[in-house]
Amino acid sequence: MVLGSGFAGYALLAGLRGGNYDITVVTPRNYFLFTPLLPSAVSGTVELRSILEPLRRRLRGVRVVEASAEGADWRRRELECRAAVGEERFRLPFERLVIAVGAAVVDYGIPGVRQHALKLESVEDARAVRRGVLDRFAAAGLPGLAAAEIERRLTFVVCGGGATGVEVAAELQDLLARELAASYPELAPRARVVLVEAAERLLGGFDQALADYARRHFAREGIEVRTRTPVAAVESGRVLLRDGGEIACGLVVWAGGNQPVDLVRRLGVALDERGRIQVDERLRVAGRPDVWALGDCAAHGRPPLPATAQVAQQQGAYLARALRRAARGLEVPPFRFRSFGMLAYIGGGRALADLPQVKWSGRGAWLFWRSVYLTKLVSLANKVKVLFDWLKARLFGRDLSRF
Ligand SMILES: Cc1cc2nc3c(=O)[nH]c(=O)nc-3n(C[C@H](O)[C@H](O)[C@H](O)COP(=O)(O)OP(=O)(O)OC[C@H]3O[C@@H](n4cnc5c(N)ncnc54)[C@H](O)[C@@H]3O)c2cc1C
């Protein structure tokens with residue numbers, strides 16, 4: 001039984017397909033979501049449907065139970081589940097269990113984040129951010145507003161200068177500079193994107209020179225970057241900063257980092273200091289025979305591997321190979337992560353590529369970024385759809401209908 005249909009779970013299920021296994025996946029979503037292109041769905045550069053893989057179509061032979069796991073009864077080897085639709089609760093017996101439930105956005109206990117900020121980890125979130133931006137433009141266009149109020153409504157604050165926050169800010173600025181500027185010529189010049197980061201610099205995991213390039217590029221594009229600026233609280237209509245300042249704004253997107261989902265705490269397994277499931281070099285959960293944990297919810301190695309799609313995908317593919325080998329009585333080698341580097345879109349047709357052999361930025365890196373994601377998208381159908389989305393956005397502009 002596999003919990004979760006994200007990068008780790010999907011790679012595992014795809015790798016086990018066709019084997020002689022009785023596989024059940026328990027997941028609240030009946031699709032796999034290609035998160036690296038989720039920021040592009042906020043601006044409408046790609047359509048959401050183009051980055052979803054329907055599980056039942058792609059993984060024939062796998063039983064899909066649309067539910068969330070809420071706990072495990074280890075003695076009976078049963079999972080306690082809640083239906084994704086409706087309130088029904090039920091139990092599912094398992095022989096072997098793979099936990100690949102990902103992570104959730106963390107607010108570090110900062111007041112108001114949950115109530116007043118939008119996050120970006122799901123299809124629903126991408127829709128809400130997109131809709132939120134268009135709503136603010138509609139609200140700012142009402143007659144009789146004071147100039148300061150128009151500017152407040154059109155200030156979009158992104159909190160968190162990691163790759164996700166940077167990409168969201170870049171996509172919002174792209175939308176502002178092109179489609180919104182054309183459709184709201186009187187309002188768009190008064191709109192601004194502010195990127196707030198608590199640390200010294202943006203893109204902590206990236207090469208310093210690339211992060212500096214992104215910052216200079218943002219300055220040219222008009223994105224206001226504030227580093228060393230921890231957020232103290234988020235309220236309706238403003239972000240309060242720990243240095244005593246505040247930013248009056250219409251919309252806040254929180255991209256401050258991740259923490260394990262609630263289920264992980266409830267499983268009663270060994271966790272690391274950040275609350276992730278401790279696994280050994282073969283991704284097995286200590287003290288639980290035939291239980292593995294993969295992806296963002298697992299801590300593998302010292303220091304633990306980063307919470308990225310690349311790690312999760314490789315771990316899922318590894319476990320599929322490992323289970324196949326074990327079934328044939330062969331020795332299972334330990335998991336080894338191979339880093340292919342990191343990529344980030346920074347707007348205006350430019351990207352960063354922090355690769356093991358080369359550090360690359362600008363237009364060439366952007367073409368590389370696009371070609372990598374095109375190859376990484378799972379199905380041919382989605383590769384074609386994303387390619388057409390890019391072409392459509394280029395030729396006809398992104399759609400601004402508010403629905
Ligand atoms: C906007 C955004 C952009 C990103 N961009 C990049 C990028 O460019 N490059 C990169 O390497 N990484 C990127 N990431 C990170 C990447 O998405 C994660 O590291 C990766 O998805 C982790 O895979 P996973 O399988 O562990 O978890 P996920 O892909 O999050 O999948 C978790 C699965 O578990 C399911 N689930 C959750 N709770 C339960 C439960 N209780 N019971 C059953 N199922 C459950 C979920 O529905 C989901 O199907 C990005 C993330 C976001 C949010």
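Because the structure is predicted, anything quoted here is derived from the model rather than measured. Just follow the structure's listing: the first ligand is 1, and inside any ligand the first atom is 1. Side-chain atoms are counted along with the backbone in the values below, which use heavy atoms only and exclude waters and symmetry mates.
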Only heavy atoms of T164, strictly under 4.0 Å: list the atoms of ligand 1 that pass. 1 (C), 2 (C), 3 (C)
Report yes or no: do R29 and S122 form a side-chain donor-acceptor pair below 3.5 Å? no
Would you mind telling me if ligand 1 is within reach of the side chain of A69, the backbone, both or neither, using heavy atoms under 4.0 Å? both
Sub-3.5 Å N/O-N/O distance, C297 and ligand 1: no
Counting heavy atoms only, which part of A307 comes closer than 4.0 Å to ligand 1: side chain, backbone, both or neither? backbone
Can Y373 be said to touch ligand 1, with heavy atoms closer than 4.0 Å? yes
Would D389 and K392 count as a salt bridge (Lys or Arg N to Asp or Glu O under 4.0 Å) here? Give the steps. CA-CA 5 Å; D389 288 347; K392 273 189 322 194; 3.4 Å; yes
F137 vs Y184 aromatic rings, parallel, tilted or perpendicular, using cut-offs 30° and 60°? tilted
Tell me the closest heavy-atom pair linking L176 and A191, and the distance in Å. CD2-CB, 3.5 Å
Per-atom contacts, ligand 1 versus S68 - under 4.0 Å to a heavy atom: 41 (N), 42 (N)
Quick one: does P28 get within less than 4.0 Å of ligand 1, heavy atoms only? yes
A67 N/O under 3.5 Å from ligand 1 N/O: no
Do L48 and L38 make a side-chain contact, defined as non-hydrogen atoms from C-beta onward lying under 4.5 Å apart? yes
Ligand 1 atoms in contact with G295 (distance to a heavy atom under 4.0 Å): 26 (O)
Please report whether ligand 1 has a polar contact with T35, defined as an N or O pair separated by less than 3.5 Å (distance criterion only). yes
L263: numbered ligand 1 atoms lying under 4.0 Å from its heavy atoms: 41 (N)
To the nearest 0.5 Å, atom CD of E235 lies from atom NE2 of H116 at 7.0 Å
